[in-house]
There are 2 protein chains.
Amino acid sequence: MIATLTEIKSQFKELGIKSTIPRTVIYQSLMKFEHHPSAEEIYLGIQKKYAGVSLATVYKTLDLLVQKGLAHKVVTDEDKVRYDARTDQHIHLYCNKTKKIMDYEDPTLEQIIMDYLNKKGIPGFNFSQIQVNIKGEISNKKINRKL
Amino acid sequence: MIATLTEIKSQFKELGIKSTIPRTVIYQSLMKFEHHPSAEEIYLGIQKKYAGVSLATVYKTLDLLVQKGLAHKVVTDEDKVRYDARTDQHIHLYCNKTKKIMDYEDPTLEQIIMDYLNKKGIPGFNFSQIQVNIKGEISNKKINRKL
DNA sequence: TCTCAAATAAGAATTATTATTAATTAAATG
DNA sequence: CATTTAATTAATAATAATTCTTATTTGAGA
């Protein structure tokens, strides 16, 4: 799932993105986060590996990745925008407690929704994308596992 | 659908919200918008009716309405937070072109999703609310109607 | 290696939102 | 109905996320 530097570089090349150290580091960092970081989290996360990068570059690079289809914006009721390196159709789980946003894969549910909407249509609206966000709380499985 | 001043006042009273002119004007304005205004849109919208209200009061009042369950925040990829006077379960249609956000009612679809998720569950997650956002474009029905 | 357009760092600027505080107002009470 | 008082508001300063500016640096091709 996590691309090597070489893979990233060729991916950039295909999309006409000039390959630079900040960009590859930022993209790699974004992919490593399992729960959708903000620009600042990425900025802080890469300080060990590449301390020179500026926050403005992080913002600009994330915008570029979104433009080129390598990332998606993820918004919440909170103030900061967050980013997702996955751009295929998937569901997001929002944890009210930890504020983590997690990917959730359920192709069946997605298919059910798409089938329903394609059959029924929406009067006066041409839809192109469906987003399903599920809010709740992470339930710690380990507690039960021990019992 | 749009409440009278008397109705709003008694609604406020029930919820322990002190009734003031700015609050009733802001709430009424929010209810009148059919496509989910930002705080600034409400601020501008009430200038004719009640010019004295400050933008800070609009923000504070909207937050209060959200806290008390009379409104919901609606977020987008854009910068501003928007508000929705409807707090029952419903779907949002996001128009990519006009940036309008519209309510869409489809209890059947909502039921299908809830039934599926209730039956299947989500491992490691207790969900409490499902949000469905549909992105696309408004299609102008009037063009076809004339032909 | 050299060239040069493109990208970056640093920090200033902008914009949405929140905090502060003195003045105003709504509601309760007499 | 007038008075009291705590809550609310207007005005504006402060904050925080994001974007812009510009001088410097860098990567890719010749």
Side-chain angles (χ1 to χ4, degrees), chain A residues 5-6 8-27 29-30 36-47 49-68 70-71 73-83 99, chain B residues 5-6 8-27 29-30 36-47 49-68 70-71 73-83 99:
Chain A
L5 187 60
T6 315
I8 289 173
K9 281 188 175 180
S10 79
Q11 211 173 0
F12 280 1
K13 193 160 203 174
E14 275 175 40
L15 292 163
I17 299 172
K18 186 167 158 182
S19 195
T20 66
I21 293 172
R23 282 175 178 176
T24 53
V25 170
I26 289 164
Y27 187 35
S29 172
L30 174 62
H36 309 330
S38 64
E40 200 181 6
E41 279 181 280
I42 289 189
Y43 172 72
L44 294 173
I46 62 181
Q47 290 309 315
K49 181 180 294 191
Y50 186 80
V53 75
S54 77
L55 186 55
T57 300
V58 174
Y59 275 106
K60 275 188 61 180
T61 300
L62 289 170
D63 274 359
L64 179 69
L65 295 175
V66 169
Q67 266 181 51
K68 295 293 186 176
L70 295 180
K73 282 192 176 185
V74 180
V75 294
T76 73
D77 283 5
E78 273 88 59
D79 40 8
K80 295 182 188 177
V81 171
R82 300 166 64 165
Y83 294 86
K99 305 297 174 194
Chain B
L5 188 60
T6 315
I8 289 173
K9 281 188 176 180
S10 78
Q11 210 173 0
F12 279 2
K13 193 160 202 172
E14 276 176 38
L15 293 163
I17 299 172
K18 186 165 157 183
S19 195
T20 66
I21 293 172
R23 283 174 178 175
T24 53
V25 171
I26 289 163
Y27 187 35
S29 172
L30 174 61
H36 308 331
S38 64
E40 200 182 7
E41 278 181 282
I42 289 189
Y43 172 73
L44 295 174
I46 63 183
Q47 289 309 315
K49 181 179 294 187
Y50 186 81
V53 73
S54 78
L55 185 55
T57 299
V58 174
Y59 274 105
K60 275 188 61 179
T61 300
L62 290 170
D63 274 359
L64 179 69
L65 295 176
V66 169
Q67 266 181 50
K68 296 292 186 177
L70 295 180
K73 282 192 178 188
V74 180
V75 295
T76 72
D77 283 4
E78 273 87 57
D79 40 8
K80 295 181 188 179
V81 171
R82 300 166 65 165
Y83 295 86
K99 305 298 174 195

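Not measured: the values here are computed from a predicted model. Just so we're on the same page: letters track the sequence lines, and every chain starts at 1.
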Short side-chain to backbone donor-acceptor contact, Arg82(B) and His36(B), under 3.5 Å: yes
Which nucleotide in dA9(C), dG27(D), dA17(D) has an atom nearest any side-chain atom of Tyr50(A): dA9(C)
Selection from dA9(C), dT19(D), dA17(D) that lies nearest to any side-chain heavy atom of Asp63(A): dT19(D)
Thr61(B) side chain reached by Leu30(B) side chain, heavy atoms, under 4.5 Å: no
Neighbour count above 12 (heavy atom, 6.0 Å) for Lys99(B) NZ: yes
Angle by which the axis turns from one end of the helix from dT1(C)-dA30(D) to dG30(C)-dC1(D) to the other, five pairs per end, to 10 degrees: 40°
Sugar-phosphate only, base, or nothing, as touched by Ala56(A) at under 4.0 Å among non-hydrogen atoms: base
Closest-nucleotide 5' rank along DNA chain C - winner of Val81(B) and Lys13(B): Val81(B)
Given DNA chain D, 5'-ward residue of the pair Lys18(B) and Thr57(B), judged by closest heavy atom: Lys18(B)
Thr24(A) side chain vs Thr20(A) backbone, donor-acceptor pair below 3.5 Å: yes
Earlier contact from the 5' end, DNA chain C, for Val58(A) and Tyr59(B): Val58(A)
Options dT8(C), dA9(C), dA11(D), nucleotide nearest the side-chain atoms of Val53(A): dA9(C)
Touch class at under 4.0 angstrom, heavy-atom based, for Ser19(B) against every strand present: sugar-phosphate
Straight-line distance of Ser38(A) OG to Leu44(A) CG, nearest 0.5 Å: 8.0 Å
Contact under 4.0 Å: Arg23(B) side-chain N or O vs dT9(D) OP1/OP2: yes
